[in-house]
Each structure stands twice: as C-alpha cells, then as structure tokens.
Amino acid sequence: MEYNFREIEKKWQQRWVEQKTYKVAEDDTKKKFYVLNMFPYPSGAGLHVGHPLGYIASDIYARYKRQQGFNVLNPMGYDAYGLPAEQYAIQTGQHPAVTTEANINRYREQLDKIGFSFDWDREVRTCEPGYYHWTQWAFQQMFGSFYCNSCQKAQPISKLVEHFAQKGTEGLDVAQSEELNFTADEWNAMTEKEQQETLMNYRIAYLGETMVNWCPALGTVLANDEVVDGVSERGGFPVVQKKMRQWCLRVSAYAQRLLDGLDKIDWTESLKETQKNWIGRSEGAEVQFRVKDSDMEFTIFTTRADTMFGVTFMVLAPESELVAQLTTAEQKEEVEAYLDRTKKRTERERIADRKVTGVFSGSYAINPFTGEAVPIWISDYVLAGYGTGAIMAVPAHDSRDYAFAKHFGLPIIPLVEGCDVSEESFDAKEGIVCNSPRRPHPSLPQGEGVKTSAIDGQNNSLPSLAEGQGEGLVLNGLTIKEAIAATKKYVKEHGLGRVKVNFRLRDAIFSRQRYWGEPFPVYYKDGMPYMIDSSKLPLELPEVSKFLPTETGEPPLGNATKWAWDVQKGEVVDNTLIDNVNVFPLELNTMPGFAGSSAYYLRYMDPQNDNALLSQKAAGYWQNVDLYVGGTEHATGHLIYSRFWNKFLYDLGVSMKDEPFQKLVNQGMIQGRSNFVYRIKDTNTFVSHGLKGQYDVTPLHVDVNIVSADVLDVEAFKAWRPEYNDAEFILEDGKYICGWAVEKMSKSMFNVVNPDMIVEKYGADTLRMYEMFLGPVEQSKPWDTNGIDGVHRFLKKLWGLFYSRTDEYLPTDVPATKEELKCIHKLIKKVTGDIETFSYNTSISAFMICVNELIQLKCRSTEVLRLLTTLIAPFAPHLAEELWEMLHSDGLPVTSVCDAKWPEYNESYLVEDTVKYTISFNGKARFTLDFPADADNATIESTVMADEQSQKWIEGKTPKKVIIVPKKIVNIVL
RNA sequence: GCCCAGAUGGCGGAAUCGGUAGACGCGCUGGUCUCAAACACCAGUGGGGUAACUCCCAUCCCGGUUCGACCCCGGGUCUGGGUACCA
C-alpha cells in the first residue's frame, strides 16, 4: 500500500470536524496553555507559502503542549477592517463587507487544507458587531477614565471631577495634555461645556487638537507607525503635517509601565530594544528662561543640564505657540515667510532635504546662569511635539546646534577640557568640564536686571547670578555625569526649573477619515462629544451611498443618511430628524486598524459573550497568552497598542495580567526565490544562464511554477505568454538553465508559491514539515520548492516502516531490541528539547536519522512505532492519526493521536558502553581511543601514555601537562 | 548618524558548556533497476596535493586570550532590520 496522503488527509480533516477534536473549554482539572498567532488581514491575494509559517510553528507547539496534558487554547480569526477592501470598494463600488467575507472564505479554505488544530468555534472577525461592540465599549471606558500618576493606574473620571470640585487642581498628579491650574471655585463656576472641555485634558480617550500625519491621497490621518520614510505605509502616498481635532488615546500615560513591563516578559532582546527606543525615555531637566525686556518666561527641556554655560542661542519649533508671542514687530514679516515655507514642506521633503533653515524672532532670552542675553531663533529642526517645543542651543556639544550656529554665524563656547570644536561639535558625554562658570562672551550682551557673571582675569570668584538666586554653581573639574547631577540639583534647589523625565512615545491618534472601520459610539451636542448609552452598543456601521469623502470634505460616514442619535429612543435615526435637542449628529470618523486588534486575544477566551468583553471566569482561567507568534513588523504598532490597551483593561479588572503576551516568537519572513530567463536584446531568443555572458541580454522574471530545479520547462514557457509562442532557445547540455535571486515574494516577480498547490502535490504533512525544515522559525529565508522532495521521501519512508512494498503490514508485538529503544529514546530527548526552543528544523533532521536507523534495524516493534508516531504527531498530524489507528487495530480503543501522551525518555537506554576520546598533542588532534564509559582520569592518562601511537608523538619527552576533558579529549602538552 | 541582529560548502542550514567543522536535506557525480526515461535504491561529494594510510588549507578580514576558538575579547568590512532632527 502506497502512502496515499490525499486520502489520509481528507479522511482525518473530516473526522476532526465531525468529532470536534479541537474544541476546548475551561477545565479546572487541567492546566491551561494559550497559544496565539497574530491574526491575518484577509487580503484579496490569498495566502502564499510564507503566511502559514508562523501558524505551523505555533500549531506544532500547541499540539505538543496538548499531548503533555495541557488544556490548549489555539484560536484563529480575522483582522477584517482595513484599507485595501475600502480602496477596492471606492474603485468598484463593491461593498467592503462583501469582499472581506469572500476573502475570509478563501483564507479559511486554504487554512483548512493545512491541518491546524484551531478551535474554529472561537473565531472572531473584527468587523462584526458582536465583536466591535467591545472595541467601542473599551473606547467608552477610556473616555470615562483618567490616569493617576501616583497610584500608577487608570481611575474613573468621576474621581477627578470630585477632586476639582473640592480642591481644584491642587495636589493633582495625573497624566494630562497640558498643565492646567485652577481652584475649586473656578471649577465650580465653569459652565457644563467648559467643564467638559477641561476634562478632555485628562481623559484617556480624548478629543485633541494635534499635529497629525495627513495623507491627502488616502484622505485620512495616519499614526506614526503607519508612515514610513515620509510616505504612507499602504500605497506610498505623500504625508503632510496638519493640525486637526482628533480622537487620541493617552498612551503616553502608560509610557513608564510599558517600559518596565518589558523586564517581565520573555521576548527577544532586539524586540524589547526596539520598543525601548520607541518609548524613548530620557531623563533631564526643564529650565525656565526669562525673555529680555519682558515679563514673559518660557521653559526648555534638556538632558545636558551641564551645558548651561555653553548656551549661545535658543530655538523654538515653528509650530510652537511661543513663536507668535516672541516675534518682534520688525521680524514679523520674515518669520511669517519662514513659517509659511516650512508648513508647505511635506514630511518627505524634510527628510530628503536636511538643509539648515531658520529665522531670528527678534527677542532675547536671559540665561539664568550667566545673565547673558541670547537670541531666540525659530527653526524646524526643533519639534513642537517633544519636550516643550523649545530648546537651549549648545553648539559646542550638539551637532544640530553646531550646524545651525555655523550656518548663521553664532558663537560656539566649548565646555569640555581639551575638546576641539573647530570642525565639529563634541557630542560625547565624557571628559572634564571647563568654562563653567566663565567670563561673559563678548558677542552676548548682558540682560537687564541681571548681575554679571564675569570672572576677572585669573580671579576664580564665583559668578553672581540673578538676584535672590543664592550661591553660584561651579562645574569646572567635574566629569560630565557629575556636572549634570550637580546642575539638576542646583536648578531644583533654586527654583530655576525642575527635574523631568520625557518620553518619545506620543499619544495615539485614534480617528480615521475612513468608512471601513469601527464607528465611534459618540454623538455631538453643542460641539462636545457624548457617549451613547453603553447598553445600546454596538453602534453599527451605517450604509453609505459612496465610500469617498463628501463634497464638503467630511469623512465617508458623512454620506450616510441615517446617522443621527436619538437620545430618548436610544437608537440611530434619520439625519433629517436632527434637532440638537433629542436627536444629535453622530461622529463621522471611524477607528483605526489597531483598534480591533488590541484586545482580540481576550475575546478569544469568551468569544460569544453578549454581556461582557469576557466573563471573569474565562479571564480567570485563561489569564493571558503564553505563546504569541507573529512578525516583527508589529514591534512599534500593534505590540505597543495592545500592551497599552491590556494595561488599561487590567486597571479596570477586566484583564487578569498586566502583560498580555508572556512569550513572543517572531517568525522570519519567507522570501521568494525568483527565476530569470535571458533574452538576447532585440530578438525573441533566450540564452541559458551559463552562456549569457556571450550575448547582450535582458534578464526577465519567469514564473517559478514552470521552472524546476532551475531548469526551464521550455514548452510551458512558450505557452505562458503569447509573445513567447515562437521563442527560440540556446541551451546548455540540452537544458535551459535559469538564473535566480532572492526577492520579496510578490506577484510582479512571478515567484509566489501557493500552499494549495504544494498540498495538492505533496500533501499537508509534507508542507508542514518542509516549512519547518527550511531553517529556524525566527530567521528569514527564501522559499525553494526544490528541496521539498527530501521531506516527502522521508514521510514515504516512515510509511514504509508500516507497509512493505508488497503491502504486508509489518508491525508486530515483538519486544523492542536494545538498539531500537536507544534509537527512539535518543529521538524523544532530541525532539522534546528542540520543540521547547523552536528548533524544529533540527528535530526533523533527527526524525530522518531515526527512521533511517529503524529501517536498517528492520524494526517491527509496535511499542517503538507507537512512540515514533506520538512524537511525529505535532508535525505531521494526518499521517500520525492514520498510523495511530493502524497501531490500534488490535482491538484497543482508538483515541486521537492528539491525546497520545507525550513520552519521556529513559536515560538508561542512552548510556554508551564506551566513550571515544580524541588524543591530541599540543592542541592538534591525532587519533582516537575508546575507553569504558566509567574510566577515571588516572586510568585514561596512564593508558594513553603507554599507548604506542602516543609514544610516537611524545618522542621520549616528558609531558608538561595532560588535560582530560570528560568524554571528549585528552590533550598532552609537550 | 544612532541602536539591534547576522556572516559557515554550489544551496537551505547543523555544531548543548570553548573540545578539534560542515549533521540533515537539496543539488551534483557514478552505479543498480529499465528498451528508455521517471521513481526507487546504493556509493561519493568543502578546497588542494598524493598511488595510498596520511598531510596541508578552510567558519567575512586583522589581532588577542586558551592546550584547544564558528563560539570569548579588541579593531575593521559587508549584509539585513529598527529608528531618524527626541535636545
């Protein structure tokens, strides 16, 4: 009987469905294990061979854990909202729901062929009301919460309102957009609208006026991680900066917790590093600068407090509110021209063109340490969104300030002993501080009302600072680190500013001007947003006549005619009924892609629950994800957002764990292996790869599916495209050899390999094992169908242990021999260890070696074959089920191999009788000798010394040293 | 620019603690079977010299530590990824 994979796979896939083999439920008698894949966006192109890589890896692990007795949750679903379906809808009028559904069905069909152990009863789709109900609910909870810094936790906004009513902002330590100060009386005197607007400053989901990445071509805003090199990640359209009122999530409030949490989870160091950089914690100081001839003051942030004596100018971001206040009348025109110019530049232009630009505001700031008046400039190298949007420039020790100073001829004052700043700035934080304090700089006038900090000649007297500011500061002689600390302390003690930690992580912009996303459960009354009653959720996405923005530039939901909220009835009603008394307009924006993917892992725990995101019981049992498998491209998007989202839900008591994904494995990308043919220029003649050097040729991509082992199927090529019908070929050795290259797998390179085709030709088990055999899961590697025969051959060999070529069923109840047991126990040890470390490729090698050995040994033992079948079940589940069934044809009750207990190896079978030692002289290996496994060092040494071959190498010398490494090597140093 | 990861045969990749390279598979070469091809099976396969045991050279480059280095340390080259005026 042949290994008929088609029949076997069909049979078992059917049986798994019928018997609901992979259905899981909470079971208090078993320990849980939660395996999760990053759910796919169902694109129109279907799956290629790279997509299932991670799913196969996690499926193997899930099956392995199940065999170890764990209750394994291994769900799958679809991230169903997204731009491509909407773009397609705009072009064709086809409703995104329709295309999405069709794509999902295609994905499902493809996935089902591969034999995953998913519990499909738990499937989620982010675009379904039953799912996005809870996305909307979470948003409402964020709207109704603020973040308390002192208790490090989200709190109900009502607590804050109470605090304001009693104490105003006094004693408040909370996350906020800007620092507000008001008294209880002032709060109580505010109108409803004023109070609501004030609360926006604190809510975790808030409506904020922010600079956004506006993509005119897509007609929407994009999050920072959706913008790559100044163009949109999807489509590659230009992006400009624009100020808009948008929903935002106060992710920044959680910055410290997001950073600290990284220490508690089992992710790769490089991914943690990426997140650390993205969060970007920096410790520094905020220092106040007075404006000369004015009572104005402004604050800057610096991490280099030690460079206070090197400040020679100040710079404001063009978008800073200070610009208008500090621009003098005579500079006004020039400043406005500059602002206009910078506003017009797209993000991309700014990146491409790093010219130094800037304009003088006309005002001066007074350095509180030197009393000098330094000019205030405006330049786009300072960002409005970071720190305070204003900096003190120290050209000697910051390369950007240096470039600016050189360009505009501003003074440069070095502050580190022996540093040379004639050509470039000295940015390193090492060396000994000098010039602090120092003599006044001749080109920097003294500010009014501030005493001089002059040092006369060699007199090292302290500089006197602004009146009432106490003792001066001496940094000279300190290391930079010490100087930073000393200055911070001084700043704090003298009320010049405060010590401050800043984060690079920004709040997430949560509005998208799109149709195909979750609608906000929000209506507007008097210009202020209100949440619709949570008992009325979900608020379903309305139908629209077209998917483009309206003529007035409103988002696509502006096209909906039934998109108003009747507060009395608690339902969506026709827009014509809007009276702003009982019926109000609904929000027209929708939520971004990451909204639906931020808590889906929680929903899998209890996917059909209509009363809550999930029950406390389900949450208590499943806790969090034990193993999360997905691509590294989500490092600064999804993996930040969902950690934030989970922490918020944790604060609410909904999620049980502070971190959602305990262990994370990043699967590598599968690249395509493209093939090329070489057309001789201006002809229809193609020359084989080895001879192309003799002609002037154009390489052309050729469909990899008509190439086998780099040999072109010439007839198939002629049939591929009409223009090649009469193509001619110059062959080598009678074959047309193609060139190849590793590229991204994509249609345009004709290198897409479809898993269905592989399954059809070789079977799912071969596909699964081959994908794992290609190399380590974490590594990117090219797909090369050529190697697949080896794995397929192995499965046939495995089958051959059960059926001879003459269709004789081989296994019998003969006792296993010592060699067979040794062989199989070695395998148990190897495979168990490999699965734990995701080294599936080496496990598969071990399987091949073991099966070959068993064939050599003519193994017939059911005992051994049962163990072998158990071990291979996670890798090749269909075949294993079939073999398992055959092994139980003796009348024993047949259960699925999925529940076959994972075996433990017995060390006693693995013990070797003798051990090989390599004998080396002066580190050069010469020969080997066998010793009994329990021989001691003294015996080994004396035997080696007496050995004839050794004597040849020793040549009568007395060895200086003899090193015996257990079971490996004897080295004799002469 | 900064941060991270990596570099081993013709190819994908092995090598647990530093233990004397190249597991396993592909490809290639030769053989068996066949009218022939495919499949299958057997043998060989890092490079170089030799009739041969054996020997020499080989894990990106240079240097170091060690009896011994793909592995540890220092310097450099290249490739991939992240990030980009974050003060």
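Every chain is numbered from 1, with letters handed out A, B, ... down the list of sequences.
Protein atom CZ of A:Phe847 is 17 Å distant from nucleotide atom P of B:A14, rounded to whole Å. A:Lys781 places its NZ atom 15 Å from the C1' atom of B:C11, with the value rounded to the nearest Å. One atom, NZ of A:Lys276, and another, P of B:U83, lie 17 Å apart when rounded to the nearest Å. Summarising the geometry, the separation between CD on A:Glu778 and P on B:G80 is reported as 21 Å, rounded to the nearest angstrom. The CD1 atom of A:Ile849 sits 11 Å away from the C1' atom of B:G25 (whole-angstrom rounding). In this structure, CE of A:Met848 is placed 10 Å from C1' of B:C26, rounded to the nearest angstrom. Taking atom CG of A:Asp834 as the reference point, atom C1' of B:A23 lies 12 Å away to the nearest angstrom. Across the protein-nucleic acid pair, A:Lys797 atom NZ and B:C24 atom C1' stand 11 Å apart, rounded to whole Å.
Remark: A:Glu423 CD is loosely packed, at most 12 non-hydrogen atoms of other residues, nucleotides or ligands lying under 6.0 Å away. For CD of A:Glu778, the number of neighbouring non-hydrogen atoms (other residues, nucleotides, ligands) closer than 6.0 Å is greater than 12.
Residue contacts shown for A:Asn971 include a base, since a base heavy atom lies under 4.0 Å away. Across all strands shown, A:Arg506 has heavy atoms under 4.0 Å from base atoms, whether or not it also approaches the sugar-phosphate. Counting any heavy atom pair closer than 4.0 Å across all strands shown, A:Ile963 reaches a base atom.
Distance alone, capped at 3.5 Å, is enough to place a donor-acceptor pair between the A:Thr388 side chain and the A:Thr299 backbone.
For B:G46 and B:G25, the P atoms lie 15 Å apart once the distance is rounded to whole Å. Taking atom C1' on both nucleotides, B:C11 is separated from B:G22 by 13 Å, rounded to a whole Å. Separation of the P atoms belonging to B:U50 and B:C67 is 37 Å when rounded to the nearest angstrom. For the C1' atoms, the distance linking B:C2 with B:U8 amounts to 30 Å, nearest Å. Taking atom C1' on both nucleotides, B:G27 is separated from B:C62 by 35 Å, rounded to a whole Å. Here, B:G82 and B:G64 have their P atoms 38 Å apart, quoted to the whole Å. Atom name C1', nucleotides B:C78 and B:U59: the rounded distance is 16 Å, in whole Å. Of the C1' atoms belonging to B:G76 and B:C24, the separation is 35 Å, rounded to the nearest Å.
When each of A:Pro776 and A:Phe921 is assigned the nucleotide of RNA chain B bearing its nearest heavy atom, the one mapping closer to the 5' terminus is A:Pro776. Between A:Thr388 and A:Gln779, the residue anchored closer to the 5' end of RNA chain B is A:Gln779, taking for each the nucleotide with the nearest heavy atom.
B:C2 and B:G82 make up a base pair, with Watson-Crick or G-U wobble contacts both under 3.5 Å. If you check B:G10 for Watson-Crick or wobble pairing at under 3.5 angstrom, you find it paired to B:C26. For B:G19, the paired base is B:C67 (Watson-Crick or G-U wobble, both distances below 3.5 Å). Base pairing annotation: B:U50 forms no Watson-Crick or G-U wobble pair, as no partner gives both donor-acceptor distances under 3.5 Å. For B:C33, there is no paired nucleotide, since no Watson-Crick or G-U wobble pair has both relevant distances below 3.5 Å. Base pairing analysis places B:U59 opposite nothing; no Watson-Crick or G-U wobble pair with both distances below 3.5 Å involves it.
Taking the six-membered ring wherever Trp is involved, the centroid distance between the rings of A:Phe313 and A:Phe408 does not fall below 6.0 Å. Aromatic pair A:Tyr762/A:Tyr770: centroids not less than 6.0 angstrom apart.
Nearest to the side chain of A:Phe773, among B:A87, B:G12, B:C85, sits B:G12.
For the pair A:Arg643 and A:Trp267, the cation-pi criterion (under 6.0 Å, within 45° of the ring axis) is fulfilled.
A:Tyr917 and A:Phe931 have perpendicular rings, their planes meeting at more than 60° on a 0 to 90° scale where under 30° would count as parallel.
Regarding contacts with the backbone of B:G25, every side-chain N or O of A:Tyr770 stays at 4.0 angstrom or more from both OP1 and OP2.
B:G9 takes the syn form, because its glycosidic angle lies no more than 90° either side of 0.
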